[in-house]
Participant: 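Following this message is one structure expressed as structure tokens.
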Amino acid sequence: MIILGIETSCDETAIGILEAKKTKAGFFIKPLSNVVSSQIKIHKKYGGVVPMLASREHTKNIPFVLKKSLRQTFGSEKEFSKIDLIAVTKGPGLILSLLIGVNFAKTLAWAWEKPIMGVNHLEGHLFSFLLPEKNKSHKLSINDYEKIFPAICLLVSGGHTQLIHIKKFGDYKIIGETRDDAAGECFDKGARILDLEYPGGPNIAKIAEQVKTIQKISKLQDISLPRPMIHTKDYDFSFSGLKTALLYLTQEINFSNKKKKLTPMLAFELQEAITDVLVEKTLKAAQEFKTKSIILAGGVSANLRLRQKFENRLKERDLNIKLLTPLLEYTTDNAIMIALAGFFQYVYNPRKIWDWKKLEAMANLRL
Ligand code: KG4
Ligand code: ZN
């Protein structure tokens with residue numbers, strides 16, 4: 001079947017078209033187009049996403065994103081008859097942004113006479129590790145699919161930091177989450193303190209690369225940040241204190257007069273602190289729940305240091321747990337992951353197919 005995915009939960013206007021099929025042998029997954037129109041340039045000057053501006057941009061861009069997506073897939077923007085299902089993010093997210101995508105999808109469903117499905121944005125992130133590059137296909141046998149579960153997913157984005165125990169598609173339990181700021185938010189706010197541009201995560205990661213070894217930083221004992229809640233018995237996180245600790249540290253070491261020298265080291269230490277906590281708690285959960293794999297998802301899962309630390313620790317501790325990571329292009333918000341989650345919902349829970357009249361955006365939707 002051919003699924004058209006639509007995503008507008010935050011500041012990316014995205015439409016993707018996916019070919020997917022389930023046979024007795026397993027799953028066939030092939031992204032046909034993945035168009036993402038990013039609004040970063042617009043929000044950059046405010047240091048974060050401005051909801052009213054995001055909504056206005058989605059409204060302006062979404063018809064063009066659809067045209068491009070149809071043209072890339074079928075060679076013509078008028079060719080929508082081959083689409084079997086529309087899958088749209090219904091939540092969670094910024095309500096003014098969600099409403100644009102949901103109402104656009106409902107209008108298409110009505111005009112094209114297609115079934116429509118509301119997808120949880122987080123469920124889209126959870127399964128993005130299964131997506132191959134555009135126009136390449138991925139065949140996953142039932143046997144291999146079953147070897148993935150039970151899994152622990154570390155979902156880390158600008159709005160979420162959650163550890164989710166997944167028994168199978170649709171069977172999720174959030175075993176821990178952040179009590180305040182999300183990990184991505186900590187990268188973004190930390191970047192602001194260091195005078196780096198929004199979005200902070202990729203900029204922190206890039207500048208931290210200048211510090212080549214951990215030994216170098218350990219010599220600078222005064223550059224040290226806490227690892228909040230790393231040893232607590234639960235699976236919760238807390239990152240707001242880390243941002244405050246960074247702010248105090250910059251004042252103590254007179255950062256404003258030595259920016260050039262200190263920025264890479266502070267960025268490095270912030271990245272070390274955030275990733276240490278994420279890795280430790282996830283490994284603890286995976287061992288305690290005896291999972292077969294660890295799935296990384298969300299914008300922060302693009303962080304290469306995070307991936308490297310997971311690989312190192314799994315090897316050092318000789319743990320027989322598979323690390324499953326999405327391709328970098330699918331870590332941040334996109335609509336192909338929404339189409340895939342819509343497809344799985346169709347396979348496992350077809351009753352969830354909605355009539356467009358019943359679909360509503362829900363800003364606080366939970367997994
Ligand atoms: O999943 P996403 O695109 O949007 C949300 O649903 O929030 O995640 C965006 C977040 C931002 O906070 C951004 O700074 C962070 O992901 N991010 C990164 C990296 N790339 C994006 N954080 C750390 N390292 C990266 N390489
Ligand atoms: Zn997201």
Side-chain angles (χ1 to χ4, degrees), residues 5-14 16 34 36-40 43-44 47-49 51 54 89-94 97-98 101 119-129 131 153-162 164 177-178 181-194 196-209 237 239-240 242-243 267-279 295-310 325-338 340-341 363-365 367:
I6 301 179
E7 156 63 38
T8 64
S9 67
C10 190
D11 61 341
E12 324 275 1
T13 317
N34 179 29
V36 181
S37 165
S38 167
Q39 304 176 4
I40 284 184
H43 301 287
K44 215 179 209 169
V49 178
T89 301
K90 66 172 178 177
L94 301 170
S97 290
L98 289 166
V119 169
N120 186 316
H121 177 82
L122 304 178
E123 204 164 27
H125 276 302
L126 291 195
F127 290 88
S128 53
F129 73 94
L131 288 164
C153 175
L154 172 68
L155 177 61
V156 264
S157 68
H160 290 86
T161 300
Q162 294 180 326
I164 304 152
E177 60 192 321
T178 182
D181 289 354
E185 208 174 344
C186 188
F187 271 110
D188 295 337
K189 288 179 176 169
R192 229 186 294 174
I193 294 171
L194 299 181
L196 299 171
E197 281 186 336
Y198 173 85
N203 287 325
I204 295 255
K206 196 161 166 224
I207 201 148
E209 272 176 28
F237 302 91
F239 289 109
S240 75
L242 189 51
K243 157 202 77 194
F268 182 90
E269 175 61 5
L270 181 68
Q271 178 172 257
E272 289 304 296
I274 298 172
T275 51
D276 275 346
V277 180
L278 295 176
V279 171
I295 297 170
L296 301 188
V300 180
S301 75
N303 189 283
L304 298 181
R305 182 74 182 133
L306 179 73
R307 292 176 176 216
Q308 181 192 50
K309 262 188 198 170
F310 266 115
T325 54
L327 294 177
L328 291 183
E329 65 207 270
Y330 301 127
T331 54
T332 44
D333 291 349
N334 65 83
I336 272 290
M337 68 179 193
I338 301 303
L340 182 65
N364 298 316
L365 188 67
L367 262 183

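Order of listing sets the numbers, starting from 1, for every ligand and every atom in it.
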Participant: Can you find an N or O of D333 that's nearer than 3.5 Å to an N or O of ligand 1?
Facilitator: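 Yes, there is a polar N/O contact under 3.5 Å.
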
Participant: Is the shortest side-chain heavy-atom distance between R307 and S301 below 4.5 Å?
Facilitator: yes

Participant: Check this for me - ligand 1, G298, N or O atoms closer than 3.5 angstrom, yes or no?
Facilitator: no

Participant: Is H125 close enough to touch ligand 1? Criterion: a residue heavy atom under 4.0 Å from a ligand atom.
Facilitator: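 Within the 4.0 Å threshold, so yes.
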
Participant: Answer yes if the side chains of H160 and E177 hold a donor-acceptor pair under 3.5 Å, and no otherwise.
Facilitator: no

Participant: The Zn ion (ligand 2) to H160: any N/O/S contact under 2.8 Å?
Facilitator: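 Short answer: no, not a single N, O or S atom is under the cut-off.
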
Participant: Short list, please: which atoms of ligand 1 are under 4.0 Å from a heavy atom of H121?
Facilitator: 6 (O)

Participant: Heavy-atom contact check, 4.0 Å cutoff: does P202 meet ligand 1?
Facilitator: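 Heavy atoms of P202 do come under 4.0 Å of ligand 1.
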
Participant: Test your reading of the structure: does G201 have an N or O sitting under 3.5 Å from an N or O of ligand 1?
Facilitator: yes

Participant: Based purely on interatomic distance, does D188 place a nitrogen or oxygen under 3.5 Å from a nitrogen or oxygen of ligand 1?
Facilitator: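 There is such a contact, yes.
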
Participant: Can you check which of P92, A302, G158 brings a heavy atom nearest to atom 7 (O) of ligand 1?
Facilitator: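 Among P92, A302, G158, the closest heavy atom to atom 7 (O) of ligand 1 belongs to G158.
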
Participant: Is the closest side-chain donor-acceptor distance between N303 and Q271 under 3.5 Å?
Facilitator: yes

Participant: Is any side-chain heavy atom of L155 closer than 4.5 Å to one of L122?
Facilitator: yes

Participant: Between ligand 1 and G184, is the shortest N or O to N or O distance under 3.5 Å?
Facilitator: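 Such a contact does occur with ligand 1.
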
Participant: Do F310 and T325 have side chains that get closer than 4.5 Å, going by heavy atoms?
Facilitator: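 A side-chain contact under 4.5 Å is absent here.
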
Participant: Using a 3.5 Å cut-off on N or O atoms only, is G299 in polar contact with ligand 1?
Facilitator: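 Yes: some nitrogen or oxygen of G299 is under 3.5 Å from one in ligand 1.
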
Participant: Does one side chain, of S9 or E7, offer a donor that lies under 3.5 Å from an acceptor on the other?
Facilitator: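 Per modelled atom types, S9 and E7 side chains form a pair under 3.5 Å.
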
Participant: Run the numbers on L154 and L278 for side chain to side chain contact (heavy atoms under 4.5 Å, CB included), then give the verdict.
Facilitator: CA-CA 8 Å; L154 172 68; L278 295 176; 4.0 Å; yes

Participant: Could you confirm whether H125 has any N/O/S atom lying under 2.8 Å from the Zn ion (ligand 2)?
Facilitator: yes

Participant: For atom 24 (N) of ligand 1, what's the nearest protein heavy-atom neighbour? Residue, atom name and distance, please.
Facilitator: N303 ND2, 3.0 Å

Participant: In Å, rounded to the nearest 0.5 Å, how long is the span from CD1 of I204 to CZ of R305?
Facilitator: 14.5 Å

Participant: Hey, what's the ring geometry for H125 with H121, parallel, tilted or perpendicular (30° and 60° as the breaks)?
Facilitator: perpendicular

Participant: Using a 4.0 Å cut-off to any heavy atom of G159, which atoms of ligand 1 qualify?
Facilitator: 7 (O)

Participant: Would Q271 count as a contact of ligand 1 if the rule is a heavy atom under 4.0 Å away?
Facilitator: no

Participant: Can you list the ligand 1 atoms lying under 4.0 Å from a non-hydrogen atom of T332?
Facilitator: 3 (O)

Participant: Output the atom name for the N/O/S atom of H121 with the smallest distance to the Zn ion (ligand 2).
Facilitator: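 Closest N, O or S atom of H121 to the Zn ion (ligand 2): NE2.
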
Participant: Would you check if the side chain of K243 reaches a backbone N or O of D188 as a donor-acceptor pair within less than 3.5 Å?
Facilitator: no

Participant: Looking only at N, O or S atoms in D333, which is nearest to the Zn ion (ligand 2)?
Facilitator: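 Distance check against the Zn ion (ligand 2) picks out OD1 in D333.
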
